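Here's the structure, in structure tokens; my notes come after.
Computed from a predicted structure; not experimentally measured. A, B, ... follow the sequence lines: proteins, then strands. Residue 1 opens every chain.
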Amino acid sequence: MSEDPLCSYLDSLNPAQLQAVEHPPSIPLQILAGPGSGKTKVLTSRIVHLIVRHGISASSICAVTFTNKAANEMRERLMKILGKQRVSEVRMGTFHALCAMFLRKYAHTVGLERNFSICDTDESKKIIGKHLEKYKEQLATQNMTLKPESVLSTISKAKAKGHTAEQHLIEVSKKFKDLPVGAEESFMVANITAEIYEDYEKTLRQTNALDFDDLLVFGLKMFKAHEDAVSWCKHVLVDEFQDTNITQYDLMRTIGYRQCVTIVGDPDQSIYGWRSAEVENLAKMQTHFPGTAQIFLEQNYRSTGSILRASSALIAQDDKRIRKSLYTSHPLGKSPFLKLFPTETEEAAFMALEIKRLVALTGGMLQWGDFAVLLRFNALSRVVESALQKEGIPSRVLRGHKFFERLEVKDLLAYLQLTDNPEFTPAFIRVVNTPSRGIGEKSLLELISTAEKCRISPMLLAERIFDGKTPDIKPPVKRKIGTFVKIIRSLRESAEKRSLPADLIRLCIDLIDYSEHLKKTHDDWESRYENVLELISFAADVGDDISSIHDEDDRNRETPLRLFLQSSMLSTEGDNESANDAESRVTIATCHAAKGLEWPVVMIPSVEDDTFPFYRAEDREEERRLLYVACTRAQGLLYLSHVSRRKVAGDKKTRTRSPFISQVTNLYRVESGPNLDIFTEDEPDIAREDRTVLSQVLQRPAPDEEVVDQRVAELFVLSCRAGLY
DNA sequence: GCGCGTTCCGTTTTT
DNA sequence: CGGAACGCGC
Ligand SMILES: Nc1ncnc2c1ncn2[C@@H]1O[C@H](COP(=O)(O)OP(=O)(O)OP(=O)(O)O)[C@@H](O)[C@H]1O
């Protein structure tokens, strides 16, 4: 074995993994394998191999990850082998981030301004809601209503297939060509939706904005139209390929035009069908890339035998799936725990106490950060959070992009968006009267319609009124709008001097006296102000090296503000959290957010019917796969629980155990004896040999038995006291 | 135009 | 039960 990481990166790979890493770069490759088989590890090693063995320059490699977090982790792993400089040259990120990055540079090739804003789902809904008003009466004649989110979802699905508004309209008329009797209403809805799609696009273009799907659609257009945008690319690698949609697939094809592509994926882990992901892309790749090779990895390195056995039994119930072999050389370990509790309160309390018990029984081999509670949806986190808090266990809740959706964060972001892109009217509407300046609905509507008549943006109109270049509008606003214009101009001036985003936020807070505004308008201003501070610290952490294309020419570099706004729209909470922070707290997250991650101990509450599968789920099998993904995040111990009665939407509902689990236990009851039960109801008593198994699976030193005794005694004393008072 | 009280509604999953 | 939307009175 060599000490030099540039030589030893192949050493820890098994034969199949090695074969995948060394596979000829010019032959398209699919690495298909179950959870924990080292797919991501192989992808990372392959990048190193392409660079050091095949002499492909780092800047010619495009690595697509599913989340920003995954990109950061991969970057960190690569850093240890390749060094900071070279890693920063690899074009790495999500499809969305990569597209955004290149669209800044080549905006003109697809008719965009370089300072385009990214419109989030909330703003999109508002835009659609506005357009929807026109169709209210028409809908009312049929006693129908149409929700903005359903329109947006249709539009999003169309964009995921690469359909423009016009194409979508054609699709609609095709679909309804032989109008079935009784389908008049859905035809009307489809038509109205198609018309709104057109209106919505117009608004986005007018406001110099792209929505999330547009990043992909315009990115694809740009890569196709402008050869310079793709000619740098000598190899494309895509992680979590089973969850790509058609537009993303086309992006891969376009960027990987040299046919040098490597993808990794696992059909059993496809859980984003609801977002138009298509597993079929795997088969499609075989036809579009002739000679595509497949490599299967069958050894799981992550989990104990019994966790893998239970998970495999679970996914095996999906009878449409292709069977796959997956084994582990790890010991069996403790059977996954499956238990019923009366209500969610007892369930959560159990998890908290069990975490404490395990920390003691493992003599500190397990810390808070080694535990994850994985949920079907965010709302389930409430009880868990408070139960952990009550026991003094530190935790962090990964709420995806929700942090950036809080009103105090959105307010400040809107000021900055408007600073960067005065045409981004959604931001103008949000903040022109925040804090109150006496510009209410009437004035606002008047501003917007006047601006439309003059064919300029409301922001520019406001500036012109303030400058006296344009007459004031009906309810006079010149005085009131003056403060606002001055604020935006100060921010703009500072941004042009390439001020740091954190400083710009502080400046903004000062200029609008935002803390005062929060105090006046919200009782919970304290926690809201904490979010403001968190936004500042997020801004301080955004490095410009990772989110922009390196360019010697300073004039071609994006302003720090623009890069910050982009990452705030594209990143999720905890994306760039330090390992330190993650280590000291229990993680609470959704199963979706847990994709690709692993923890020594995983707990999944509410494994009930109507949760798994979720009662409104369109695709039942996808729900099963979701539970499978969650279970396979566990390395050493897995806990599933369900309750008899759960408070849902205010009233108590009777709940039953998830059918996915019942199917498995029924099967095993027939086939095996009681001791071979795939799940157990008994709380695992952690003895010395169990600690040994854990230390083996986690590759950590086993604790000193004396330390264990001491920690257990401490816990006993503490819990006796708690019992007394 | 603003602030407060009321009702009503309905709980996915995310870039 | 908790948040967003609405409506009423100032
Ligand atoms: N050859 C190996 N030797 C030792 N450990 C390995 C090996 N390959 C992978 N591992 C370990 O197994 C775990 C899972 O690896 P990785 O995350 O790459 O799997 P994966 O296939 O991407 O999983 P998933 O599909 O669940 O995302 C990691 O902790 C990794 O370090």
Notebook entry, point to check: Reckon A/Tyr272 touches a base, only the sugar-phosphate, or nothing at all at heavy-atom distances under 4.0 Å?
Noted result: sugar-phosphate
Next item on the list: Start with the C-alpha gap between A/Glu346 and A/Thr343, add the side-chain angles, then the distance that decides, and say whether side chain to side chain donor-acceptor pair (under 3.5 Å) holds.
Entry: CA-CA 6 Å; A/Glu346 288 88 352; A/Thr343 76; 2.4 Å; yes
Margin query: From C-beta outward on A/Ala593, which listed nucleotide comes closest to its side chain: C/dC1, B/dT12, B/dT14?
Written below: B/dT14
Note to self: Base, sugar-phosphate or nothing for A/Asn378? Non-hydrogen atoms, less than 4.0 Å.
What the structure shows: sugar-phosphate
Check: Quick check: are there more than 12 heavy atoms from other residues, nucleotides or ligands sitting under 6.0 Å from NZ of A/Lys147?
Finding: no
Note to self: Suppose we call two aromatic rings close when their centres sit under 6.0 Å apart. Are A/Phe660 and A/Tyr628 close by that rule?
What the structure shows: no
Notebook entry, point to check: A/Phe102 ring centre to A/Lys105 NZ or CZ under 6.0 Å, with the angle to the axis within 45°?
Noted result: no
Checklist line | Minimum-distance nucleotide to A/Thr590 side chain [options: C/dC1, B/dT14, B/dT15] | finding: B/dT14
Margin query: Heavy-atom nearest nucleotide on DNA chain B for A/Thr521 versus A/Lys647: which residue maps closer to 5'?
Written below: A/Thr521
Item checked: base_contact_polar (B/dT12 base, A/Arg616 side chain, donor-acceptor, <3.5 Å) -> no
Note to self: Checking contacts here: which listed nucleotide (B/dC2, B/dT15, B/dG1) is nearest the side-chain heavy atoms of A/Thr121?
What the structure shows: B/dT15
Check: Which residue lies toward the 5' end of DNA chain B, A/Glu618 or A/His96, if each is placed at its nearest nucleotide?
Finding: A/Glu618
Item checked: A/Tyr272 and A/His592 aromatic ring geometry - parallel, tilted or perpendicular at 30°/60° bounds -> perpendicular
Check: Looking at CG of A/Leu626 and NZ of A/Lys595, how far apart are the two atoms once the value is rounded to the nearest 0.5 Å?
Finding: 10.0 Å
Checklist line | Per A/Arg275 side chain, nearest of listed nucleotides C/dC1, B/dT13, B/dT15 | finding: B/dT15
Next item on the list: Let me know the distance between CG of A/Asn245 and P of B/dT14, rounded to the nearest Å.
Entry: 17 Å
Notebook entry, point to check: Heavy-atom count around A/Arg645 CZ within 6.0 Å, excluding the residue itself: above 12?
Noted result: yes
Notebook entry, point to check: Taking atom C1' of B/dG10 as reference, at what distance in whole Å does atom OH of A/Tyr615 sit?
Noted result: 6 Å
Item checked: Nearest-angstrom distance from the residue atom CG of A/Asp213 to C1' of B/dT15 -> 9 Å
Checklist line | Residue A/Ser443, side-chain atoms from C-beta onward, closest of B/dT13, B/dT15, B/dG1 | finding: B/dG1
Next item on the list: Could you tell me the separation between the CZ atom of A/Phe612 and the P atom of B/dT12, rounded to a whole number of Å?
Entry: 15 Å
Check: Taking atom C1' of B/dT13 as reference, at what distance in whole Å does atom CG of A/Leu398 sit?
Finding: 14 Å
Next item on the list: Return the stacking result for B/dT12 and A/Trp274: yes when the ring centres lie under 5.5 Å apart and the planes under 30°, no otherwise.
Entry: no
Checklist line | Selected nucleotide, minimal atom distance to A/Thr67 side chain, candidates B/dT14, B/dT12, B/dT15 | finding: B/dT15
Check: Has A/Phe212 got its ring stacked on the base of B/dT15, with centres under 5.5 Å and planes less than 30° apart?
Finding: yes
Check: To the nearest angstrom, how far is A/Glu385 atom CD from C/dC1 atom C1'?
Finding: 16 Å
Check: Reading DNA chain B 5' to 3', what string of ( ), [ ], | and . shows its pairs, if Watson-Crick and G-U wobble pairs count only when both distances fall under 3.5 Å?
Finding: |||||||||......
Notebook entry, point to check: A/Asp122 has an atom CG; how far is it from atom P of B/dT15, in whole Å?
Noted result: 15 Å
Notebook entry, point to check: What closest approach, in Å, do A/Ile604 and A/Ala630 show between heavy atoms, and which atom pair accounts for it?
Noted result: CD1-CB, 3.6 Å
Check: Which part of the nucleic acid does A/Lys402 contact within heavy-atom distance under 4.0 Å: base, sugar-phosphate only, or nothing?
Finding: sugar-phosphate
Next item on the list: Evaluate side chain to side chain donor-acceptor pair (under 3.5 Å) for A/Arg625 paired with A/Ser270, printing each intermediate quantity in order.
Entry: CA-CA 7 Å; A/Arg625 293 192 294 270; A/Ser270 70; 3.2 Å; yes
Next item on the list: Mind checking A/Glu622 for me? I need base, sugar-phosphate or nothing, with any heavy atom below 4.0 Å counting as a touch.
Entry: nothing
Check: Between atom CZ in A/Phe66 and atom P in B/dT13, what is the gap in whole Å?
Finding: 15 Å
Notebook entry, point to check: If you look at every strand shown and take non-hydrogen atoms under 4.0 Å, does A/Asn433 touch a base, only sugar-phosphate, or nothing?
Noted result: sugar-phosphate
Notebook entry, point to check: B/dT13, B/dT12, B/dG1: which one has an atom nearest the side-chain heavy atoms of A/Phe614?
Noted result: B/dT12
